[in-house]
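Down below is the structure, laid out as C-alpha cells.
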Amino acid sequence: MSADHTSSVISARVRHVEALLESRGLLDEGEIDGRIDEFLAGGTPANGARITARAWVDPGFRERLLADANAAIREVGLSMAGGLQEQRLKVVANTADEHNVVVCTLCSCYPIALLGPSPGWYKSEAYRSRVVRDPRGVLREFGLELPERTRISVWDASAESRYMVVPRRPEGTEGLSEEQLAALVTRKGLIGTAAV
Amino acid sequence: MGDLAPGMRVRTRTADPDGHTRLPRYARGAVGVLVEQAGVHPLADDRARGRAGTPQPVWHVRFAAADLFGSGDHTVTVELWADYLTPIEEPA
C-alpha cells in the first residue's frame, strides 16, 4: 500500500522533470498547477447529489446511469472528461436488499469531478484495509447500522474506473422537488458510508 | 489469458511481482466471478516500469469475502487486468 507521496523518490523526480521542462520552454511556469486547479474547480459533492436526485425522480435516467454512467451524466451537464482522458465511471445503486460501499485499497482513487477532493478518512490506511474485510463493522462505526438481511457489496477502485453510489431515496420525500432531494444527499452517502 | 466473458469463474495470479501491481495482496490466488468488462487499458504494472504496455481488457471481478478472508457474508468486487486472471475449467 502507498501512503504519503509528497516526499517519495517519484515526487522528487517529477519536480526535477517539471523544472527541466520549464527551463527548456516546453512548459510554462505554474502550468501544471493551473491544469490541476482547473480540474478541481468543478468538483463538488453537489454534482453527485444532482445525479442522485435525478435518478430518484426519473427511473429511465436511473437505468441509463447504471448501464453507462459516462453517457448518462452528460444528460445533467456533467462529465468525467475533465482530466487528460475521460475516466470510466461505474455507478451502483443501493436497494433494500443490497448496500454498496466504495474504497481504493491500493491508494485513494476517487471521482473528484463528481465528489470533489476526497475526505481524509477515505485515504486512511484504517479505512482502506478494514472496509474490505469487515464492512458491516466499519459502517457501524460511521453510524450506519444495516439490517442483517441487507447484503453488502464492497467495490475496490483498484484500476482505472471511478465509482459512485446512489443511496436509497428516504421515505416521506414524495413531495420534494429534485433540488430539495439533492440537498438531502451527503458525500458519505455517495461513497456508501452513510444511508443518504 | 484466454477469452473472458461475464459469469466466468477465474483464479487470480498468486505471484508477488517486483515493483508495482494493481492486484491487491488480499485478492491474490483467489477465485472470483467476472461481472463486466471495465474498458481496455495498458497494464499498470508495465506503465509503472516505464513501458507503454499493451492495452488489455480490465474486469470487475466479484469475490465472496469468505473466499478472501475466511469469513464474512459480503462480496468484494475488484477491478483487475486480464493478465492477472486465469479462467477455471468448470467440471462437466
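All heavy atoms count here, side chains included; hydrogens, waters and symmetry mates do not. A note on names: the letters A, B, ... follow the listed sequences, proteins ahead of strands, and every chain is numbered from 1. On a predicted model such as this, the values are computed, not experimentally measured, just so you know.
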### Task
Identify which part of B:Thr21 has an atom lying under 4.5 Å from any heavy atom of chain A, answering side chain, backbone, both or neither.
backbone
### Under 3.5 Å: donor-acceptor pair, side chain of B:His60, backbone of A:Trp155
no
### Query
Do A:Ser161 and B:Glu79 get their side chains close enough for a donor-acceptor pair, meaning under 3.5 Å?
yes
### Query
Should A:Val76 and A:Leu114 be regarded as members of a common hydrophobic cluster, given that ILVMFWY residues are connected when their side-chain heavy atoms come within less than 4.5 Å of each other, either directly or indirectly?
yes
### Query
With a 4.5 angstrom heavy-atom cut-off, which part of B:Val58 approaches chain A: side chain, backbone, both or neither?
side chain
### Query
Given a strict heavy-atom distance threshold of 4.5 Å, which part of B:Ala44 is in contact with chain A: side chain, backbone, both, or neither?
neither
### Query
If you take all heavy atoms of A:Ile152 and B:His74, which pair is closest and at what distance?
O-CB, 3.1 Å
### Query
So do the side chains of A:Leu106 and B:Arg22 get within less than 4.5 Å of each other, counting heavy atoms only?
yes
### Query
In this structure, are over 12 heavy atoms from other groups packed under 6.0 Å from A:Glu63 atom CD?
no
### Message
According to a hydrophobic-cluster definition based on side-chain heavy atoms being under 4.5 Å apart (Ile, Leu, Val, Met, Phe, Trp, Tyr only), do B:Tyr84 and B:Val40 belong together?
### Response
no
### Query
Any idea which heavy atoms bring B:Trp81 and A:Ala159 closest together, and the distance?
CZ3-CB, 3.5 Å
### ILVMFWY cluster, A:Phe142 and A:Tyr110 together (side-chain gap under 4.5 Å)
yes
### Query
In terms of heavy-atom contacts, does CG of B:Asp16 have more than 12 from other residues, nucleotides or ligands at under 6.0 Å?
yes
### Single-linkage hydrophobic cluster A:Leu144~A:Val138, side-chain heavy atoms < 4.5 angstrom
yes
### Task
Indicate, with yes or no, if A:Leu190 and A:Val57 share a hydrophobic cluster defined by side-chain heavy-atom contacts under 4.5 Å among Ile, Leu, Val, Met, Phe, Trp and Tyr.
yes
### Message
Between B:Arg25 and chain A, with a heavy-atom cut-off of 4.5 Å, which part of the residue counts as in contact: side chain, backbone, both or neither?
### Response
neither
### Task
Could you tell me which of A:Val101, A:Val154, A:Val131 has the largest number of non-hydrogen atom pairs under 4.5 Å with chain B?
A:Val154
#### Entry: Minimal non-hydrogen separation, B:Tyr26 against A:Val132, with atom names
OH-CG1, 3.8 Å
### Task
Could you tell me whether A:Glu31 atom CD has more than 12 heavy atoms of other residues or ligands within 6.0 Å of it?
yes
### Query
What distance separates A:Lys90 NZ from B:Thr77 OG1, expressed to the nearest 0.5 Å?
9.0 Å
#### Entry: A:Arg88 side, atom CZ; B:Gln37 side, atom CD - distance, nearest 0.5 Å
8.5 Å
#### Entry: Proximal component of A:Arg133, with respect to chain B [non-hydrogen, under 4.5 Å]
both
